[in-house]
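Below is one structure; the comments refer to it alone.
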Number of protein chains: 2
Amino acid sequence: MLSSSDNSYIHKKVISIGTVCELTGLSERQIRYYEERELIFPKRSNKGNRKYSFSDVEALMDIANKMEDGLQTSDLRKEITSKRLGEQKSESKEQMIRGQLNAYFKRRQ
Amino acid sequence: MLSSSDNSYIHKKVISIGTVCELTGLSERQIRYYEERELIFPKRSNKGNRKYSFSDVEALMDIANKMEDGLQTSDLRKEITSKRLGEQKSESKEQMIRGQLNAYFKRRQ
DNA sequence: CGTGTAAGGAATTCTGACACG
DNA sequence: CGTGTAAGGAATTCTGACACG
């Protein structure tokens with residue numbers, strides 16, 4: 001029971017950051033920052049250029065949505081960790097609620 | 001009955017030429033030349049950079065093999081056209097034989 | 001015919017830092 | 001905390017052309 005399908009190409013790291021920006025609507029700054037916070041893990045080419053897979057792109061779109069909902073990168077980091085431990089359901093429910101509350105108060109400002 | 005599978009990502013043109021070189025072992029020059037001969041059709045980014053799909057990469061590896069077998073780009077061009085017309089079998093058989101003969105004589109030189 | 005290469009320019013990407021808040 | 005930006009450098013990509021054969 002895998003969450004992401006194992007189509008030969010989805011995990012190949014071949015897309016450079018500019019193209020990822022176009023696909024996700026995120027800025028380079030945001031994408032690099034999410035890497036710094038260990039939410040995504042691009043490969044590096046010989047000369048040091050970041051290379052992303054389609055699954056990275058999917059992950060980034062998910063991250064973008066959750067950030068909009070008011071979650072913090074630390075929340076998303078925990079989510080990734082707890083996914084590994086199989087405790088996803090209860091954890092993410094809390095975070096979903098917290099995010100929605102955050103978003104609510106942001107709009108009220 | 002499609003020859004290439006329709007996995008969401010295989011046809012997305014997101015790979016830049018340098019990465020295609022790494023994936024195929026071909027030079028930039030060769031890849032651009034095969035485009036000039038209308039064997040592949042990359043997209044262009046806003047600023048004019050070529051973007052290839054995984055299916056383009058597969059096509060290039062096929063092209064590379066056939067060029068090694070002694071076929072010419074014009075042969076491969078015909079092959080593509082005849083594929084569209086559904087006359088693939090007889091045509092490609094001739095070309096295969098021609099290619100093998102060419103390769104044979106090349107080695108004899 | 002198919003491919004290498006030098007040429008010059010334009011666009012891409014990288015890092016570390018300052019800024020705001 | 002998350003993101004924008006200016007800075008300077010290095011690597012990428014592009015086109016048109018000459019070369020060999």
Side-chain angles (χ1 to χ4, degrees), chain A residues 13-52 56 60-79 95 98-99 101-103 105-106 109, chain B residues 13-52 56 60-79 95 98-99 101-103 105-106 109:
Chain A
K13 311 242 179 193
V14 296
I15 312 176
S16 45
I17 196 164
T19 304
V20 175
C21 292
E22 290 177 10
L23 293 173
T24 61
L26 296 168
S27 67
E28 293 188 15
R29 185 68 167 96
Q30 289 175 304
I31 294 170
R32 294 201 192 100
Y33 181 65
Y34 299 150
E35 174 183 1
E36 189 186 318
R37 303 311 313 273
E38 303 183 86
L39 304 181
I40 43 167
F41 307 92
K43 250 184 42 183
R44 294 292 184 125
S45 71
N46 290 333
K47 303 296 180 51
N49 285 21
R50 274 168 264 250
K51 294 297 172 188
Y52 302 85
D56 290 328
L60 281 167
M61 297 180 87
D62 197 48
I63 291 169
N65 283 329
K66 291 184 174 155
M67 292 299 287
E68 268 183 36
D69 287 348
L71 292 183
Q72 300 196 325
T73 57
S74 56
D75 298 323
L76 302 184
R77 185 83 262 285
K78 283 178 204 156
E79 215 171 284
Q95 287 166 6
R98 178 144 40 116
L101 286 172
N102 287 346
F105 287 119
K106 265 191 188 167
Q109 279 167 10
Chain B
K13 311 242 177 191
V14 296
I15 313 176
S16 44
I17 196 163
T19 305
V20 174
C21 290
E22 289 177 12
L23 293 173
T24 61
L26 295 169
S27 68
E28 294 188 13
R29 184 68 168 96
Q30 289 175 304
I31 294 169
R32 295 202 192 100
Y33 182 65
Y34 299 151
E35 175 183 0
E36 189 185 318
R37 303 310 313 272
E38 303 183 86
L39 304 180
I40 45 166
F41 307 92
K43 248 184 43 183
R44 293 292 182 126
S45 73
N46 289 333
K47 304 296 179 52
N49 285 19
R50 273 169 265 249
K51 295 297 173 189
Y52 302 84
D56 290 329
L60 281 167
M61 298 179 86
D62 196 48
I63 290 168
N65 284 328
K66 291 185 173 155
M67 292 299 288
E68 269 183 36
D69 287 348
L71 292 184
Q72 300 196 324
T73 56
S74 55
D75 298 323
L76 302 184
R77 184 83 263 281
K78 283 178 204 156
E79 214 170 283
Q95 287 165 9
R98 178 143 41 115
L101 286 173
N102 286 346
F105 287 119
K106 265 191 187 166
Q109 278 166 10

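Just so we're on the same page: letters track the sequence lines, and every chain starts at 1. Keep in mind it's a predicted model, so treat the numbers as computed, not measured.
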inquiry  = Output the rounded distance in Å from CG (A/L60) to P (D/dT3).
reply    = 11 Å

query = Does the side chain of A/L23 reach to within under 4.5 Å of the side chain of A/Y52, using non-hydrogen atoms?
reply = no

ask   = B/K13 versus B/D56: any side-chain heavy-atom pair under 4.5 Å?
value = yes

task = Specify the separation, in whole Å, of atom CG of A/L26 and atom C1' of D/dG4.
result = 14 Å

inquiry  = Both atom distances under 3.5 Å, Watson-Crick or G-U wobble: I'd like the secondary structure of DNA chain D as a dot-bracket string, with | for pairs made across strands.
reply    = .||||.||.|.|.||.||||.

message = When you compare the side chain of A/T19 with that of B/S45, does any pair of heavy atoms fall below 4.5 Å?
response = no

task = Specify the separation, in whole Å, of atom CG of B/L71 and atom C1' of C/dT3.
result = 17 Å

remark   = Across all chains, not counting sequence neighbours, the salt bridge (charged side-chain N to carboxylate O under 4.0 Å, His left out) partners of B/K51 are none

message = Under 4.0 Å from OP1 or OP2 of C/dT3: is there any side-chain N or O of B/Y34 that close?
response = yes

Can I get a per-line list of side-chain donor-acceptor pairs under 3.5 Å for residues 34-42 of chain B, giving both atom names and the distance, sequence neighbours left out?
residue, atom, partner, partner atom, Å
B/E35, OE1, B/R50, NH1, 2.9
B/R37, NH1, B/Y33, OH, 3.4
B/R37, NH1, B/T73, OG1, 2.9

note = Applied to residues 14-33 of chain B, the salt bridge (charged side-chain N to carboxylate O under 4.0 Å, His left out) test, sequence neighbours excluded, yields B/E28-B/R32

remark   = Taken in chain and number order and not counting sequence neighbours, the residues that satisfy side-chain hydrogen bond (donor to acceptor under 3.5 Å, both in side chains) with B/T24 are none

query = For nucleotides 6-17 of chain C, read 5' to 3', which letter fits each nucleotide if B means a protein heavy atom sits under 4.0 Å from the base, S means only the sugar-phosphate is that close, and - means neither?
reply = -----SSSSB-B

query = For the pair made of CD1 in B/I31 and C1' in C/dG2, what is the distance, rounded to whole Å?
reply = 14 Å

key: Phosphate contact (D/dT3 OP1 or OP2) by A/Y33 side-chain N/O below 4.0 Å   = no

request  = Indicate yes or no: at least one non-hydrogen side-chain atom of A/V20 is less than 4.5 angstrom from one of A/L26.
outcome  = no

